[in-house]
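See below for the structure under consideration.
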Amino acid sequence: MNTSIENFHKRRRAFIILPRAGLLLAEPESVLSHKEILLAAGFSSSAIKDIMIACPRGYFLDNTLVIYQGDNIKEGGAWELQPQNFSAVKNVFEYLECILGLNSDTKIYLGVKCGKLGAVWEQYNQVNIEFFR
């Protein structure tokens with residue numbers, strides 16, 4: 001992993017939401033990608049591919065919460081949280097608020113546009129904190 005990617009991963013707090021199962025939250029300052037987090041948690045490669053496509057995941061950085069889903073994206077493409085997963089996020093949102101310290105000033109986005117590795121990708125589809133309460 002190159003230094004800029006590692007620095008971004010270390011600064012953000014990654015999470016994965018497994019509908020009907022719960023929240024998988026990376027350790028603070030973890031440099032692992034979402035796929036690496038799932039691998040470390042014991043998921044098989046085929047399960048990881050399915051989770052990346054179908055389950056919400058994201059990160060918290062600089063009082064910004066970004067939630068999305070999808071896999072195999074090219075630069076310029078986008079990952080976004082699908083409406084069928086809004087309830088899965090809502091079910092664990094109270095825990096995200098408590099653990100991450102979300103507040104009324106927290107910016108929440110439901111998508112990212114793929115950019116350069118190691119850069120903070122453009123976020124879009126902003127909602128306020130009440131969206132998941």
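Remember, predicted model here, so these are calculated numbers, not experimental data.
Remark: side-chain polar atoms of Asn85 are paired, donor with acceptor, to backbone N or O of Ala54 under 3.5 angstrom. Side-chain N or O atoms of His34 include one that pairs as donor or acceptor with a backbone N or O of Gly58 at under 3.5 Å. Although no hydrogens or angles enter the test, the distance criterion places a donor-acceptor pair under 3.5 Å between the side chain of Gln69 and the main chain of Ile53. The closest donor-acceptor contact from the side chain of Arg13 to the backbone of Leu25 lies at 3.5 Å or more, if one exists at all. Lys90 places a side-chain N or O within 3.5 Å of a backbone atom of Arg133 that can act as its donor or acceptor partner. Side-chain N or O atoms of Trp79 include none that pairs as donor or acceptor with a backbone N or O of Gly111 at under 3.5 Å.
Taking the side chain as every heavy atom from C-beta outward, Asn103 and Ile129 never approach each other to under 4.5 Å. In this structure, Lys49 and Asn72 have side chains that are in contact, with non-hydrogen atoms separated by less than 4.5 Å. Residues Pro19 and Ser87 have side chains not in contact (no heavy-atom distance under 4.5 Å, counting atoms from C-beta outward). Two residues are said to be in side-chain contact when any heavy atoms from C-beta on lie closer than 4.5 Å; Gln123 and Thr64 meet this criterion. The side-chain heavy atoms of Tyr109 and Gln126, taken from C-beta on, include a pair separated by under 4.5 Å.
Residue Glu27 places its CD atom among 12 or fewer non-hydrogen atoms of other residues, nucleotides or ligands, all under 6.0 Å distant. Residue Tyr124 qualifies as enclosed at atom OH: its count of foreign heavy atoms under 6.0 Å is above 12.
Contact detail for Leu32 and Glu36: the closest heavy-atom pair is CA-OE1, 3.3 Å.
Just one residue in the list Ile17, Val66, Ile16 forms a side chain to side chain contact (heavy atoms under 4.5 Å, CB included) with Arg57, and that residue is Ile16. The side chain to side chain contact (heavy atoms under 4.5 Å, CB included) with Ile48 is formed by just one residue from the set Asp71, Leu38, Ile37; it is Leu38. Each of Phe132, Phe60, Tyr59 was compared with Leu65 under the side chain to side chain contact (heavy atoms under 4.5 Å, CB included) criterion, and only Phe60 meets it.
The distance from the OG atom of Ser45 to the CG atom of Leu39 is 6.5 Å, given to the nearest 0.5 Å.
Between Phe86 and Phe131, the ring planes lie perpendicular to each other; the angle is over 60°, past the 30° to 60° tilted range.
No close placement of the Phe15 and Tyr95 rings is indicated, their centers lying 6.0 Å or farther apart.
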